[in-house]
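The structure appears right after this line, and notes come after that.
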Amino acid sequence: MSSLDTLIAKFEKFPGIGARQARRFAFHILTMPKEDTAELAQLITTLHDSVTECNLCHRYFAQNGTRSGVCTICADTLRDRTKLLIVERDSDIPPLERSGVYDGLYFVLGGTIPLLNTNATQKLRGGGLKQTVSERLPEGLSEIILAFSVNPDGENTERYVRTLLAEVLEGHTITISHLGRGLSTGSELEYADPETLRNALKNRQ
């Protein structure tokens with residue numbers, strides 16, 4: 001296999017990227033000046049050194065010289081700590097932040113659970129979520145918002161999370177809500193526009 005074929009195969013492993021798009025990416029790189037491809041390669045090589053995973057919400061963030069292990073959202077004392085919004089992946093957080101409606105904290109679950117794949121729970125941060133909720137309860141946590149994609153996998157993941165947290169929340173008056181009307185069936189948070197997300201958050205139930 002040539003280096004070009006190997007690169008195409010690597011791109012095909014990216015989420016949502018098919019064979020045709022992968023080939024377009026690879027051939028575009030061939031048209032780039034060598035200094036640009038060198039810069040791209042350098043950025044990829046050093047990415048793990050400049051970006052880290054938050055110890056609390058598990059989203060990726062630029063360290064910017066700090067080694068605290070906590071992102072700016074989790075470290076912000078002005079955020080509403082009575083609310084915890086659970087998303088599938090960290091790329092769901094930027095559009096929610098841009099919506100300007102939500103001011104609480106987040107937790108990145110790490111994916112969804114396909115209906116026909118019961119082993120998928122092993123890849124999720126179920127244990128971490130239970131620990132986070134347990135730690136936030138004494139801090140005044142009063143609402144958990146489930147913000148998953150509006151499709152069968154998202155609905156299956158919502159059922160999993162409700163069951164997972166049932167024991168932790170026993171004896172506590174905690175509201176578990178999910179995004180309301182505004183997101184159409186099949187929608188993914190990452191691609192939703194700010195107005196749609198504002199409506200979905202305002203109409204959560």
Side-chain angles (χ1 to χ4, degrees), residues 1-76 79 85-100 102 105-114 116-117 119-126 128-129 147-151 153-154 157 183-184 186-198 200:
M1 182 180 288
S2 68
S3 57
L4 178 60
D5 291 333
T6 301
L7 181 60
I8 292 171
K10 293 291 185 182
F11 280 136
E12 285 183 20
K13 294 181 180 179
F14 282 33
I17 300 300
R20 180 179 298 180
Q21 289 173 305
R23 292 186 67 84
R24 289 180 64 185
F25 289 166
F27 280 101
H28 175 71
I29 289 176
L30 286 174
T31 68
M32 295 169 59
K34 282 190 175 182
E35 56 268 25
D36 288 348
T37 57
E39 181 183 7
L40 178 61
Q42 179 68 12
L43 286 170
I44 294 173
T45 301
T46 60
L47 191 61
H48 285 290
D49 297 325
S50 59
V51 177
T52 190
E53 183 181 302
C54 177
N55 293 333
L56 299 179
C57 69
H58 298 284
R59 79 180 183 99
Y60 289 105
F61 71 102
Q63 296 186 75
N64 294 326
T66 179
R67 295 287 175 176
S68 67
V70 178
C71 72
T72 53
I73 293 179
C74 290
D76 187 351
R79 305 288 298 202
L85 192 151
I86 306 173
V87 295
E88 299 170 20
R89 47 188 178 268
D90 58 338
S91 57
D92 293 330
I93 295 179
L96 286 163
E97 286 294 285
R98 288 194 296 270
S99 74
Y102 183 71
L105 299 177
Y106 296 95
F107 186 90
V108 180
L109 188 61
T112 55
I113 305 173
L116 301 179
N117 185 2
N119 294 326
T121 58
Q122 300 173 3
K123 300 179 180 179
L124 303 184
R125 301 185 179 99
L129 177 58
F148 303 131
S149 297
V150 187
N151 56 37
D153 291 351
T157 306
L183 285 174
S184 59
S187 295
E188 293 188 18
L189 262 64
E190 183 179 356
Y191 305 111
D193 62 88
E195 184 61 29
T196 297
L197 287 173
R198 277 194 289 269

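All residue numbers in this chain count up from 1 along the given sequence.
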CA sep, side-chain torsions, deciding dist, call: Asp153, Ile113, side chain to side chain contact (heavy atoms under 4.5 Å, CB included)
CA-CA 6 Å; Asp153 291 351; Ile113 305 173; over 6 Å; no
With side chain to side chain contact (heavy atoms under 4.5 Å, CB included) as the test, would you mind laying out the steps for Thr31 and Phe27 before giving the verdict? CA-CA 7 Å; Thr31 68; Phe27 280 101; 5.9 Å; no
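Atom-to-atom distance recorded for Ile17:CD1 and Ile8:CD1 is 13.0 Å, nearest 0.5 angstrom. For the atom pair CG (Leu129) and NE2 (His58), the distance works out to 9.0 Å, reported to the nearest 0.5 Å. Between atom SG of residue Cys57 and atom CG of residue Leu85 there is a gap of 11.5 Å, rounded to the nearest 0.5 Å. With rounding to the nearest 0.5 Å, the separation of NE2 in His28 from OG1 in Thr37 is 10.5 Å.
Although no hydrogens or angles enter the test, the distance criterion places a donor-acceptor pair under 3.5 Å between the side chain of Glu88 and the main chain of Ser149. At distances below 3.5 Å, not a single donor-acceptor pair connects side-chain atoms of Thr112 with backbone N or O atoms of Gly154. Side-chain atoms of Asp92 come within 3.5 Å of backbone N or O of Arg89 as a donor-acceptor pair.
Of the candidates Tyr60, Phe107, Phe61, Tyr106, Phe61 is the only one forming a side chain to side chain contact (heavy atoms under 4.5 Å, CB included) with Cys54.
Between Phe25 and Leu7 the shortest side-chain heavy-atom distance does not fall below 4.5 Å. Using a 4.5 Å heavy-atom threshold, the side chains of Ile73 and Ile93 count as touching. Using a 4.5 Å cut-off on side-chain heavy atoms (C-beta onward), Val87 and Leu96 make contact. Within the 4.5 Å cutoff, side-chain heavy atoms of Leu109 are placed close to those of Thr157.
Legend: residues meeting side-chain contact (heavy atoms from CB on, under 4.5 Å) with Ser2, ordered by chain and number and at least two apart, are Leu4, Asp5.
For Arg23, the CZ atom is loosely surrounded, since the number of other residues' heavy atoms within 6.0 Å does not exceed 12.
Ionic pairing of Glu53 and Arg125 is present here: one or more N-O contacts between side-chain nitrogen and carboxylate oxygen are shorter than 4.0 angstrom.
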